[in-house]
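In what follows, a single structure is set out as structure tokens and then discussed.
In what follows, every heavy atom counts, from backbone to side chain, and hydrogens, waters and symmetry copies are set aside. No experiment lies behind these values; they were computed from the predicted model shown.
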Amino acid sequence: MVKIISDSTCDLSRELLEKYDISLLPLHILLGDREYEDGVEITPDEIYQWSDQNKTTPKTSCPALERAVELFRPYVDANQEIVCFSISASMSSSGNVMRLAAEELGAENQIFVVDSANLSTGIGLLVLEACEMAQSGKTGAQIAQKMEELKPLVRASFVVDTLTFLHRGGRCSGLAAMAGGALRLHPKIVVENGAMIPGKKYRGKMRSVVLSYAKDLEESLKNAIPKRVFITHSGCEDEIVEEVFQYLKSLDIFDEICVTRAGGVISSHCGPGTLGVLFISKSN
């Protein structure tokens, strides 16, 4: 069976990783002069604590080539195909590291690298589709081809509680003008063509903002593939997450509503209190 691997930005829960036997290649998180592997050596809450103490935001970097080679080697040696997923190439060179690892192992025809053109569970949605295809006996080439078809149909967006992290990280074009003195301003960030762009601006307390954001998605949600939807957050209050969960449940569209906590890299760039609703659309 084809082995499915993702970099650590897919933000899938431990339960989902274990259920589908997904392996992760960790990106790195830089706190000052100290470097940690995402999801292995540090938690998002520890990252926020460091940020508060040092009045600055973390930096992140792509996975180590040696780590990728080490992860891929057992499957290559067993003559098993691999499909691996990376965060959007415009955000990290993670996918390039995967391709270099395939070259180093002489396994370019065995390892299929998918640039998700997305982030967080926007990647995770594709990863789970790939797992189901692998379980049904599809080849690496067939899975990779299907992922290219699905990529434009992934709908990934989120609202942020604080603009500080995104603004400092410089990952969201068009945000700079919005950041100055924008008290209680919570933009919707949409992933389009592999990049983050600001959308509708919400004002007020995060609890009402998040529910308004979710309700604004209703028409798009009605065109979603009903298999699953993700609520992914970077440390929101339980009550806020539960309200969104109950709202999505009330629409009676989805077979599965998955709630996940964003990992270290995504949390480092979006900051605490961010929440997104992510799904795959039936059509563009």
Side-chain angles (χ1 to χ4, degrees), residues 4 6-7 9-12 16 83-92 94-95 112-134 136 138-160 166 171-175 187-202 210 212-232 244 247-258 260 262 266 269-270 274-284:
I4 306 299
S6 175
D7 72 27
T9 62
C10 67
D11 289 349
L12 294 173
L16 286 170
V83 175
C84 46
F85 292 80
S86 72
I87 189 171
S88 172
S90 67
M91 300 177 193
S92 170
S94 174
F112 300 84
V113 179
V114 177
D115 171 6
S116 70
N118 224 297
L119 51 73
S120 189
T121 45
I123 309 169
L125 285 158
L126 294 172
V127 170
L128 295 185
E129 291 289 331
C131 289
E132 289 167 358
M133 288 185 71
S136 70
K138 296 293 191 288
T139 66
Q142 288 171 325
I143 295 170
Q145 176 56 42
K146 181 63 175 178
M147 294 306 106
E148 293 303 318
E149 294 169 16
L150 285 177
K151 276 163 54 173
L153 301 177
V154 174
R155 300 291 177 260
S157 64
F158 51 96
V159 283
V160 296
L166 275 171
R171 295 297 173 105
C172 185
S173 59
L175 201 59
K188 173 184 175 182
I189 308 295
V190 182
V191 181
E192 284 186 10
N193 300 317
M196 291 187 288
I197 57 171
K200 179 175 178 178
K201 305 169 189 67
Y202 297 89
V210 166
S212 296
Y213 150 75
K215 288 180 176 177
D216 283 346
L217 292 173
E218 186 166 334
E219 286 308 307
S220 297
L221 289 164
K222 287 176 180 174
N223 191 44
I225 292 174
K227 193 183 295 181
R228 66 175 61 89
V229 61
F230 275 98
I231 301 169
T232 302
V244 177
Y247 168 68
L248 292 177
K249 189 177 176 181
S250 74
L251 296 177
D252 200 24
I253 294 169
F254 296 99
D255 302 331
E256 184 180 21
I257 303 172
C258 304
T260 62
I266 301 300
H269 289 293
C270 68
T274 297
L275 184 141
V277 175
L278 305 94
F279 55 94
I280 300 177
S281 184
K282 291 174 186 171
S283 59
N284 262 325

Any idea which heavy atoms bring [X] and [Y] closest together, and the distance?
X      : Y      : result
Ile253 : Pro226 : O-CB, 3.2 Å
Tyr213 : Val277 : OH-N, 2.8 Å
Ser88  : Asp115 : CA-OD1, 3.4 Å
Ile87  : Ser92  : CG2-CB, 3.5 Å
Ser94  : Asp7   : OG-OD2, 2.8 Å
Asp11  : Ile266 : OD2-CG1, 3.3 Å

Of all residues at least two apart in sequence or in a different chain, which pass the salt bridge (Lys or Arg N to Asp or Glu O under 4.0 Å) check with [X]?
X      : result
Lys215 : none
Lys151 : Glu148
Asp216 : Lys200

Partners meeting side-chain hydrogen bond (donor to acceptor under 3.5 Å, both in side chains) with [X] (sequence neighbours left out):
X      : value
Asn284 : Arg155
Asn118 : none
Glu192 : none
Ser283 : Asn223

Of all residues at least two apart in sequence or in a different chain, which pass the side-chain contact (heavy atoms from CB on, under 4.5 Å) check with [X]?
X      : result
Glu256 : Arg228, Cys258
Lys146 : Met133, Glu149, Leu150
Ala141 : Phe112, Thr139
Ser212 : Tyr202

Where do Phe85 and Thr9 land on the side chain to side chain contact (heavy atoms under 4.5 Å, CB included) test, with the steps shown first?
CA-CA 10 Å; Phe85 292 80; Thr9 62; over 6 Å; no

Within the supplied structure, the quantity of interest is the number of heavy atoms (other residues, nucleotides, ligands) at a distance under 6.0 Å from Asp255 CG; does it exceed 12?
yes

Given 3.5 Å as the limit, does a donor-acceptor pair link the side chain of Ser157 with the main chain of Ile189, or not?
no

What is the distance from atom CE of Met196 to atom OG of Ser90, rounded to the nearest 0.5 Å?
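Here the interatomic distance stands at 8.0 Å.
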
Counting only pairs under 3.5 Å, give me each side-chain donor-acceptor contact of residues 121-131, with atom names and distances, residues two or more places apart or in other chains.
unit_1, atom_1, unit_2, atom_2, d
Thr121, OG1, Thr232, OG1, 2.7
Glu129, OE1, Lys227, NZ, 3.2
Glu129, OE2, Lys227, NZ, 3.2

Is the shortest heavy-atom distance from the side chain of Leu248 to the side chain of Phe230 under 4.5 Å?
no

Residue among Val210, Ile257, Thr260, Leu278 satisfying side-chain contact (heavy atoms from CB on, under 4.5 Å) with Ile231:
Ile257

